[in-house]
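The structure displayed is predicted, hence computed values, not measured ones. Any value given below was found using the heavy atoms of this structure, including those in side chains, with hydrogens, waters and symmetry copies removed. Indexing begins at 1, ligand by ligand and atom by atom, following the structure's order. Position 1 is the first residue of the sequence, and the numbers go up from there.
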Amino acid sequence: MLTNFMPVKTYFGENCLKEKGVEIANFGKHAFLVTGKSSAKKSGVLDDLLPLLEKLNIKYTLFDKIMENPTLVAVHEGAKLLNKANCDFIIGIGGGSPIDAAKTINVIAANNLIGREFYEAKKVEKAFPLVAIPTTSGTGTEVTPFSVITDEELQKKAGYGNPINFPNISFLDPKYTVSLPARITRDTAIDALSHLLEGLYSAKRNLINYPILFRGVKLILQNLNPCLNDPENLEYRKNLMLASMYGGIVIAQTSTTIQHSIGYPLTTAFGLSHGLANGIAMKPVMKMFYPHLNKILDELFDYIEITRHEFFEWLDEFGMKPQIELTDEFIAEKAREVSQSRNMAINPIEIDMQGVINLYNEIRNSISV
Ligand code: NAP
Ligand code: FE
């Protein structure tokens, strides 16, 4: 039996917020805006949103303190402010970090949670309405039930999924991504590519989503380089944003796999962006899974009209070789952490601790040559 659950009302296209933003008036009279330090401004979202709020007579409280890889402390600070300001609904604006933070701020505030209780589904009974406006093309969080939070005390990044986190409405306007610098454009697209590939790796792989999964991979391969060379071209931006949304729709059903779990420690320990961490793990992970998934992966490469070898060459051209030192001690410690992460149950094959160590060794070798 196949199943699919995608409850997010999605508007996609240039000026969609201006045209359809009136629908947020149903959510109340006071919005809580969650964003990072500058992306809401740089992307042009605030230029569209603030006049809209004024026209609809909606007050707002701005919380613009979300950093990359949002922390436990930051989401609690946001939740406190939301409740103090007595807001009716939430608008998350930005990349995955502010939108993920908006989701967790939401459940903390709505259920008066403390500490890490938001990870426990049974403690989460309600949520405020949530609107998402992405300004990167990578995480697909605007259509997923996931939120990833960094726990600085434990030096650990951990995600969770709860259907209550699906935004009520998402507005995806490719023009909001034109201001992205090249490095972030590349890294976020590689994150989206990971989600799409993990949709095939996942033990919960879902035939319903195969058409968009295949299409999403093709869109990234066809549009990422052209977009890096011509960053203001809205056609390329549109195609990358579509691919990112497709990736979100896919992982909302399948979840992510070891490809994501193995990257989290590289972000917390070395500050690698989420997309770059996924990027350097991509080849070793695909090599490990290929013997078990060769039929479907070959089908994918036939559809894109490249060989697996050409795909690896395409990846190599981005030169993702961060200067980090993966010591044997680091690998042993993090392999233990990765083995215990929730995504491990979703891998297509059983991977023991030695398997995780082997993957980290492969990553070490591939970035040192
Ligand atoms: P991000 O961390 O949200 O943002 C990265 C950087 O890009 C920030 O400096 C941000 O600035 C800047 N930026 C964003 N939009 C911009 C724009 N239009 N113009 C110029 N600069 C802009 O990056 P992300 O890759 O989208 O999100 C990564 C996070 O999402 C990670 O924590 C990851 O674990 C999580 N994630 C979640 C899911 C999910 O399903 N929920 C899936 C994958 C990853 P500001 O500092 O001003 O914001
Ligand atoms: Fe991701």
Side-chain angles (χ1 to χ4, degrees), residues 8 33-47 63-71 74-75 92-104 130 132-151 156-162 165-167 170 172-199 231-232 237 240-241 244-245 247-257 259-268 271-279 281-282 343:
V8 183
L33 273 45
V34 179
T35 187
K37 57 182 181 305
S38 65
S39 50
K41 264 191 226 94
K42 278 189 203 154
S43 60
V45 172
L46 289 186
D47 294 337
F63 181 64
D64 59 0
K65 295 203 180 137
I66 299 303
M67 63 295 281
E68 290 182 40
N69 308 299
T71 62
V75 288
I93 308 160
S97 297
I99 297 177
D100 277 12
K103 291 174 176 176
T104 296
L130 175 66
I133 309 178
T135 65
T136 61
S137 293
T139 70
T141 183
E142 68 279 358
V143 288
T144 78
F146 306 121
S147 170
V148 188
I149 300 301
T150 294
D151 192 323
K156 202 171 152 184
K157 221 179 138 170
Y160 69 100
N162 188 325
N165 277 342
F166 277 115
S170 288
L172 293 89
D173 188 334
K175 79 173 182 219
Y176 296 147
T177 62
V178 167
S179 55
L180 283 170
R183 186 190 56 78
I184 303 178
T185 300
R186 176 198 74 181
D187 291 0
T188 46
I190 296 293
D191 183 28
L193 181 58
S194 297
H195 301 154
L196 291 159
L197 291 173
E198 286 171 274
E232 296 193 5
R237 291 289 183 189
L240 291 180
M241 191 166 236
S244 163
M245 183 187 71
I249 292 173
V250 168
I251 58 167
Q253 312 306 318
T254 65
S255 303
T256 53
T257 64
Q259 159 88 52
H260 261 62
S261 332
I262 202 163
Y264 288 159
L266 302 174
T267 295
T268 41
L272 298 192
S273 76
H274 175 65
L276 180 57
N278 274 310
M282 191 169 278
N343 313 40

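Checked against a 3.5 angstrom limit, the closest N/O atoms of Tyr176 and ligand 1 fall inside it. Every N/O-N/O distance between Lys103 and ligand 1 stays at or above 3.5 Å. Not a single N or O atom of Thr188, backbone or side chain, sits closer than 3.5 Å to an N or O atom of ligand 1. For ligand 1, none of its N or O atoms has an N or O atom of His260 under 3.5 Å away. Close N/O approach between Tyr264 and ligand 1 is not found [any backbone or side-chain N/O within under 3.5 Å]. Polar contact check, Val148 against ligand 1: no nitrogen or oxygen pair lies under 3.5 Å apart. Where the criterion is an N or O separation shorter than 3.5 Å, residue side chain and backbone included, Thr135 meets it with respect to ligand 1. In terms of polar-atom proximity, defined here as any N/O pair under 3.5 Å, Lys37 does make such a contact with ligand 1.
Taking only non-hydrogen atoms, the option from Lys41, Lys157, Glu142, His274 nearest to atom 44 (C) of ligand 1 is His274. For atom 29 (C) of ligand 1, the choice among Ser97, Pro98, Gly140 with the nearest heavy atom turns out to be Ser97. When the heavy atoms of Ser179, Ala277, Pro70 are ranked by distance to atom 20 (C) of ligand 1, first place goes to Ser179.
Below 4.0 Å from some heavy atom of Gly95 lie the following atoms of ligand 1, by number and element: 3 (O), 26 (O). Near Ser43, the atoms of ligand 1 lying under 4.0 angstrom from a non-hydrogen atom of the residue are 18 (N). The contact set between ligand 1 and His195, taken as ligand atoms under 4.0 Å from a residue heavy atom, comprises 42 (C), 43 (C). Residue contact check: Phe146 has heavy atoms under 4.0 Å from atoms 39 (C), 40 (O), 41 (N) of ligand 1. Interface atoms of ligand 1 facing Thr136, defined by a heavy-atom separation under 4.0 Å, are 14 (C), 15 (N), 26 (O). The ligand atoms of ligand 1 that sit less than 4.0 angstrom from a heavy atom of Thr141 are 39 (C), 41 (N).
Both the backbone and the side chain of Thr139 come within 4.0 Å of ligand 1, counting heavy atoms alone. Contacts with ligand 1 closer than 4.0 Å are made by no heavy atom of Thr35, backbone or side chain. At a 4.0 Å heavy-atom cut-off, ligand 1 touches Thr144 through the side chain alone. The proximity of Glu68 to ligand 1, defined as any non-hydrogen pair under 4.0 Å, involves the side chain as well as the backbone. Counting heavy atoms closer than 4.0 Å to ligand 1, residue Met67 contributes nothing at all. Contacts between Leu180 and ligand 1 below 4.0 angstrom, taking non-hydrogen atoms only, involve backbone and side chain alike. Both the backbone and the side chain of Asn69 come within 4.0 Å of ligand 1, counting heavy atoms alone.
Put simply, the side chain of Arg186 reaches to within 4.5 Å of the side chain of Leu276, judged on heavy atoms. Considering only heavy atoms from C-beta on, Pro145 stays 4.5 Å or farther from Asn162 through its side chain. Side chains of Met245 and Ser170 form no contact here, defined as non-hydrogen atoms less than 4.5 Å apart. When side chains are defined from C-beta on, Gln259 does not count as touching Leu197, because their heavy atoms never get closer than 4.5 Å. Counting heavy atoms from C-beta outward, Thr141 and Val148 have side chains that stay 4.5 Å or more apart. The closest side-chain heavy-atom distance from Leu130 to Lys103 is below 4.5 Å. Between Thr185 and Arg237, the closest side-chain pair of non-hydrogen atoms falls below 4.5 Å. Looking at His274 and His260, their side chains come closer than 4.5 Å, going by heavy atoms from C-beta outward.
Side chain of Ser97 to main chain of Asn69: a donor-acceptor pair is present (N/O by atom type, distance under 3.5 Å, no hydrogens or angles). Between the side chain of Thr267 and the backbone N or O of Leu272, at least one donor-acceptor pair lies under 3.5 Å. Distance alone, capped at 3.5 Å, places no donor-acceptor pair between the Ser261 side chain and the Asn343 backbone. The closest donor-acceptor contact from the side chain of Ser39 to the backbone of Gly94 lies at 3.5 Å or more, if one exists at all.
Closest to atom 7 (O) of ligand 1, if we only count protein heavy atoms, is Ile184 CD1, 3.2 Å. If you check which protein heavy atom lies closest to atom 37 (C) of ligand 1, you get Asp100 OD2, 3.0 Å. Of all protein heavy atoms, the one closest to atom 27 (O) of ligand 1 is Gly96 N, 3.1 Å. From the protein, the heavy atom lying nearest to atom 10 (C) of ligand 1 is Ser39 CB, 4.3 Å.
Neither side chain, Thr256 nor Glu198, offers a donor N or O lying under 3.5 Å from an acceptor on the other. No side-chain donor from either of Ser179 and Lys41 sits under 3.5 Å from a side-chain acceptor of the other.
Taken from CG in Asn278 to CG in Leu266, the straight-line distance is 9.5 Å, to the nearest 0.5 Å.
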*Give the C-alpha distance, both sets of side-chain angles, the deciding distance and a yes or no for side chain to side chain contact (heavy atoms under 4.5 Å, CB included) between Thr144 and Thr139.*
CA-CA 9 Å; Thr144 78; Thr139 70; over 6 Å; no

*Could you walk me through whether Val45 and Thr135 pass the side chain to side chain contact (heavy atoms under 4.5 Å, CB included) check?*
CA-CA 8 Å; Val45 172; Thr135 65; 3.7 Å; yes

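Taking the Fe ion (ligand 2) as the corner point, the angle from His195 atom NE2 to His260 atom NE2 is about 90° (rounded to 10 degrees). Draw a line from the Fe ion (ligand 2) to OD1 of Asp191 and another to NE2 of His274, and the angle between them is 90° (to 10°).
Ligand 1 does not have Gly94 within reach: every non-hydrogen atom of the residue lies 4.0 Å or more from it.
With respect to Ser147, the side-chain hydrogen bond (donor to acceptor under 3.5 Å, both in side chains) criterion is satisfied by exactly one of Asn165, Asp100, Thr104: Thr104.
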